[in-house]
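See structure below.
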Amino acid sequence: MSDTTDSPRPEPAQVEAEVFARWEEAGVFRAREDVEGAESFSVAIPPPNVTGALHMGHALNGSIQDALVRLNRMRGKNVRWTVGTDHAGIATQTKVEQALVAEGTSREELGREAFVARTQEWRQQYGGTIIGQFRRLGCSADYEHERFTMDEGYAQAVLKVFVDLYEQGLIYRDTYLVNWDPGSRSAISDLEVEDREETDTLFQIAYPLKDADASADGVTELVVATVRPETMLGDVAVAVHPEDERFKHLIGRTVLLPFVGRELPVIGDDYVKTDFGTGCLKITPAHDPNDFEIGHRHGLEQLNVIGEDGRITGGYAPQFEGMTTAEAREAIVAALREQGALRAEEPYTHTVPFSQRSGQRIEPLISLQWFMRMDELAQPAIDAVKDGRVRIHPESQQRRYIAWLEEIRPWVLSRQLWWGHQIPVWYRGDETYCGVEPPEGEGWERDPDVLDTWFSSGLWPFATLGWPEGTPELRAFYPTSVLSTARDILFLWVARMVMLGLRFADDVPFRDVYCHSVIQAPDGRRMSKSLGTGIDPLALMDGGPRPAVFAKKKGADAGEFPAYGADAVRFGLLAMSSTQDVRFSEEKIAQGKQLVTKLGNAVRFAAGRLGDADQAVAAAGVSGADLPTRLEDRWIVSRTERIARETAARIDEYDFAKAALGLYDFVYGELCDWYLELVKGREAATDADLSRTLAWALRRTLQIAHPVIPFATEEAWASIPGTSGLLAASLLPAPDDGLLDPEAEERLARVIDAITTVRSWRNGANVPPGPILPARLEADGYDDEATTLIARLARLQPTDEAGDAVPVAIPGGQVAILAGEHVDPAAERARVEKRRAEVEGQIASTEKRLGNEQFVSRAPAEVVAAERAKVEALREELRTL
RNA sequence: GGGCGUAUAGCUCAGUUGGUUAGAGCGCUCGCUUCACACGCGAGAGGUCACUGGUUCGAGUCCAGUUAUGCCCA
């Protein structure tokens, strides 16, 4: 593609901002207040992280939701698209803490109250970024109802849900081995953990056997294998496989823990793999999930030796106390080496859990946390999907949803943060109080923890509509119509919303769930900021750096994206999203830009023509009861009606790629390449059918393209006769079967075929495209109207003149192009011979198929008939050659 | 280790319930200053449908297996 930056065209950023302002001034995006009666269509955006900036997934999801929302608004539905952000506990707190450190202070120094105030301030200042970016994309959300998961009313809803679930016994406090994230100094949920391959060292450590002399077998020690020697201070046993011939006789004996001298029983457990390491496993229930399980089975104690600060604690070995885990590992290994207890060190590659929040390695810790029991909530959420009250698209994602819910585990709700919904529980001595309002009396201390951000996000579809108040909004817009989301939050969010919606709002939170594509980088993996494979959608819309991996030629300087504009980005993203995993394709974005330009030019052409026409006539339009008479008019009317229906149906079916690409094909391949060319011989000033058909076709095209490319279509709208007000607020006409005209479609298809064939012949025969050639049309099925169209676009002069001519086969016969300056029948002979050989070959192969007894008797009659017809047509062509 | 997906033109993707000669956009080639548009118009070249076997008159499409690759869960 050539560079666009030096073109005189206005920047999309400016044009699109003006159009957006018109929509907002007119209040097009506002849900109507007179909610009674009107069918509603409501969407709750998956709330993005308040600290975030728009990434490709957001941009795709925004394009999808807006296409759905705009289509349904044009259907006359009362549309409510709720946007907003979640408070992103860890992410936001981290941001603000970083700022504090830069200022030479800390949250501890500030104190909780001041810190929360400071964070609120931060959010006021920077939290609007991503919503502004959705506006830039053209998203027609109801911004006046923007919500935040820590709004006052929302916070009340969160507390009420917590208190209710607590009173119902679903929320409880317990000790558990949690995923401790030393980076954010908080427990995080299983879903926030990601496993990565790491190469560590596997150490072998000798634990001396107690009473070694007492046994006759000569065994004096057991050697355990571990990658985390620093946890050994918390060891409570050594396990071997109960069938292991080497060790099974030692079960029941005791070994002594180095440094500490603790007596550890040797136990048998078939979790131990005999072929891994030494076959002896040290058991540290407080710091390893598997050991935790084994410890449970054998009734072992849990000894905490790593504190929440990631330092050695517990006082079992004073020389290591207070060291970080890394320091302790080094010191312990050194000490063991000195004692001669270190028997081997070898590199070992394994998967290690990391925090998605802070990027730090997870430290499994025993701690007291708030939990939510999920089993009781899961079943109704499974049923809702199984019986179709919630439909998940594509269907494959439904199985993932059900599978996850069937194996659901308790949810760790508490986070050791200050930014978030503080748990509404107070303690006084042995007393515990849980309530939306603080307890009466003196001496109560509130639980310092806050709730997992997803707990509050789970209430989003109804809490944004004013729940627990029975507001008119809630009645009008709950359940929401559809949730469009990235599939990686199917569990984090979707499943939890279904559970909480059913429990608290008496119905499913949405009727449909659409899991959109993941747009991948050229390496076939999801775009990643840290790998430099992410694209900023703003850079695509308004110009900006193109990441190196997206260089158009490998190794070349990647340069900058041209300013494609929001329409092009929307089109491109939708056109890309055909399957669940797709590669990013800048060509699709460019295609969107081309469509926008092409449509703009078509409108310019049409508006110019229609300027001469009687405006009332042009505005009148067409209907099934009042069709134009000419072939090309009836054809475009029929084709436009079809594409309008198809596009809407494809959006309804969440087939956005086909909707977008189908629009492109229609605008290029039918409207512009054919209809506008076919009518160039006519005058709108004197041709009422032309002016009303042309204006109608353009109006309908702008309407059906609007959900995909809203800005360009809105800009063009006013220049077509018969429009009033804003396109975004216009209503789609009801489907009209009378507009469909299969006969006109078929007749014009033959005209197109004939024109293309003649053009192709010219090209192959080295006949220049310009000159008008005299020709005899010797074919059935072309009336005067069709003949005129063919003659004009194929640049032929129909004649009855006899004489030497070159035959060009078209459906139903041939065009005989008379010999002349550009046409030499003699030179054409070779070409005709080549074609004759081709046709003969095809006849032979088709006849062979028809000669096959099995084919004729077993294939369906219509297939056989089609083959026979094909032979006939080929024989016909052969005769003309 | 288990589950799910993907593999079709140089690139990104279509390809209905199996049925003519497997399509599109971009890129490439050739031609065109055709009065809306060179971000254009017209015409082309380009494919062992990952591999192996099977079912069938007929397989890109259905079945089994293999390979590559991605995602999710453990």
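To find a chain, count down the sequence lines: A is the first, B the second, and so on, and within it residues start at 1.
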Which whole-number value in Å describes the distance from A:F666 CZ to B:A14 P? 23 Å
Whole-Å distance between B:C37 P and A:L671 CG? 16 Å
Taking the same atom, C1', in B:U61 and in B:C49, what whole-Å distance lies between them? 10 Å
Select base, sugar-phosphate, or nothing to describe what A:R487 touches, counting heavy atoms under 4.0 Å on all strands. sugar-phosphate
Got a sec, which residues hit salt bridge (charged side-chain N to carboxylate O under 4.0 Å, His left out) with A:R604, two or more places apart in sequence or on another chain? none
A:R750: partners by side-chain contact (heavy atoms from CB on, under 4.5 Å), with sequence neighbours left out: A:E746, A:Y782, A:P811
From CD of A:E406 across to P of B:C72 the rounded distance in Å is 21 Å
With no angle test and no hydrogens, is the base of B:C37 tied to the side chain of A:K598 by a donor-acceptor pair under 3.5 Å? yes
Regarding A:D673, tell me which of base, sugar-phosphate or nothing describes its non-hydrogen contacts under 4.0 Å with the strands shown. sugar-phosphate
Between B:G60 and B:U20, how far apart are the two C1' atoms, rounded to whole Å? 16 Å
How would you list, by chain and number, every residue that makes a side-chain contact (heavy atoms from CB on, under 4.5 Å) with A:D581, sequence neighbours excluded? A:R487, A:V518, A:Q520
Between B:G5 and B:G31, how far is it from one C1' atom to the other, in whole Å? 45 Å
Pair of N/O donor and acceptor under 3.5 Å linking B:A24 base with A:K658 side chain: no
Counting just side-chain N and O atoms, does A:S760 come under 4.0 Å of either OP1 or OP2 of B:G44? yes
Can you tell me how far P in B:U34 sits from the matching atom in B:C41, rounded to whole Å? 13 Å
note: A:L490, atom CG; B:C73, atom C1'; distance rounded to Å ~ 13 Å
Using the C1' atom as the reference point in each nucleotide, state the distance between B:C73 and B:G58 in Å, no decimals. 42 Å
For the pair made of CD in A:Q591 and P in B:A14, what is the distance, rounded to whole Å? 13 Å
Can you measure A:N763 atom CG to B:C41 atom C1' for me and round it to whole angstrom units? 12 Å
If we take the C1' atom in both B:C28 and B:A74, what is their distance in whole Å? 49 Å
A:L678 CG to B:G42 C1', in whole Å, measures 15 Å
Using a cut-off of less than 4.0 Å, is there contact between a side-chain N or O of A:Q580 and OP1 or OP2 of B:U6? no
Using a cut-off of strictly less than 4.0 Å, decide whether A:R604 has a side-chain nitrogen or oxygen near OP1 or OP2 of B:G40. no
Of all residues at least two apart in sequence or in a different chain, which pass the salt bridge (charged side-chain N to carboxylate O under 4.0 Å, His left out) check with A:D673? none
SB check A:E670 A:R639 (cutoff 4.0 Å): yes
Answer yes or no: does a side-chain N or O of A:Y668 lie under 4.0 Å from OP1 or OP2 of B:G40? yes
Shortest side-chain distance from A:P769, nucleotide among B:A36, B:C32, B:G42: B:C32
Sequence neighbours excluded, which residues qualify as ring-ring contact (aromatic ring centres under 6.0 Å, His included) partners of A:F584? A:F550
Between A:R609 and A:E683, is the closest basic N to carboxylate O distance under 4.0 Å? no
Any donor-acceptor pair under 3.5 Å linking the side-chain atoms of A:N601 with those of A:T597? no
Could you tell me whether A:R409 contacts a base, only the sugar-phosphate backbone, or nothing, with contacts defined as non-hydrogen atoms closer than 4.0 Å? sugar-phosphate
For the residue pair A:F292 and A:Y176, does the interplanar ring angle fall in the parallel (under 30°), tilted (30 to 60°) or perpendicular (over 60°) class? perpendicular
Considering only the C1' atoms, how many Å lie between B:G10 and B:G54, rounded to the nearest integer? 34 Å
Select base, sugar-phosphate, or nothing to describe what A:R399 touches, counting heavy atoms under 4.0 Å on all strands. sugar-phosphate
Have a look at A:L676 and say if it touches a base, only the backbone sugar-phosphate, or nothing, with a 4.0 Å heavy-atom cut-off. base
Would you kindly compare A:Q397 and A:R526 by the position of their nearest RNA chain B nucleotide and give the one closer to the 5′ end? A:Q397
Non-neighbouring partners of A:E646 that pass side-chain contact (heavy atoms from CB on, under 4.5 Å), sequence neighbours left out: A:I643, A:R650
Set of residues satisfying side-chain contact (heavy atoms from CB on, under 4.5 Å) with respect to A:R682, sequence neighbours excluded: A:R630, A:E632, A:D633, A:V679, A:D687, A:D689, A:L690
Work out how far the P atom of B:G23 is from that of B:A9, and round it to whole angstrom. 14 Å
According to a 3.5 Å limit on both distances, what stems of 3 or more consecutive Watson-Crick or G-U pairs are formed with RNA chain B? B:1-7 with B:67-73, B:10-13 with B:23-26, B:28-32 with B:40-44, B:50-54 with B:62-66
Could you run down the sub-3.5 Å N/O contacts of the protein with nucleotides 9-13 of chain B?
unit_1: B:U12; atom_1: O2; unit_2: A:K588; atom_2: NZ; d: 3.2
unit_1: B:C13; atom_1: OP1; unit_2: A:R583; atom_2: N; d: 2.5
unit_1: B:C13; atom_1: O3'; unit_2: A:S578; atom_2: OG; d: 2.7

Euclidean distance, atom CZ of residue A:R400 to atom P of B:G2 [Å, nearest integer]: 19 Å
Distance to the ring centre below 6.0 angstrom and angle to the axis at most 45 degrees; does that hold for A:K680 and A:F605? yes
Under the 3.5 Å rule, do the base of B:A36 and the side chain of A:E677 count as making a donor-acceptor pair? yes
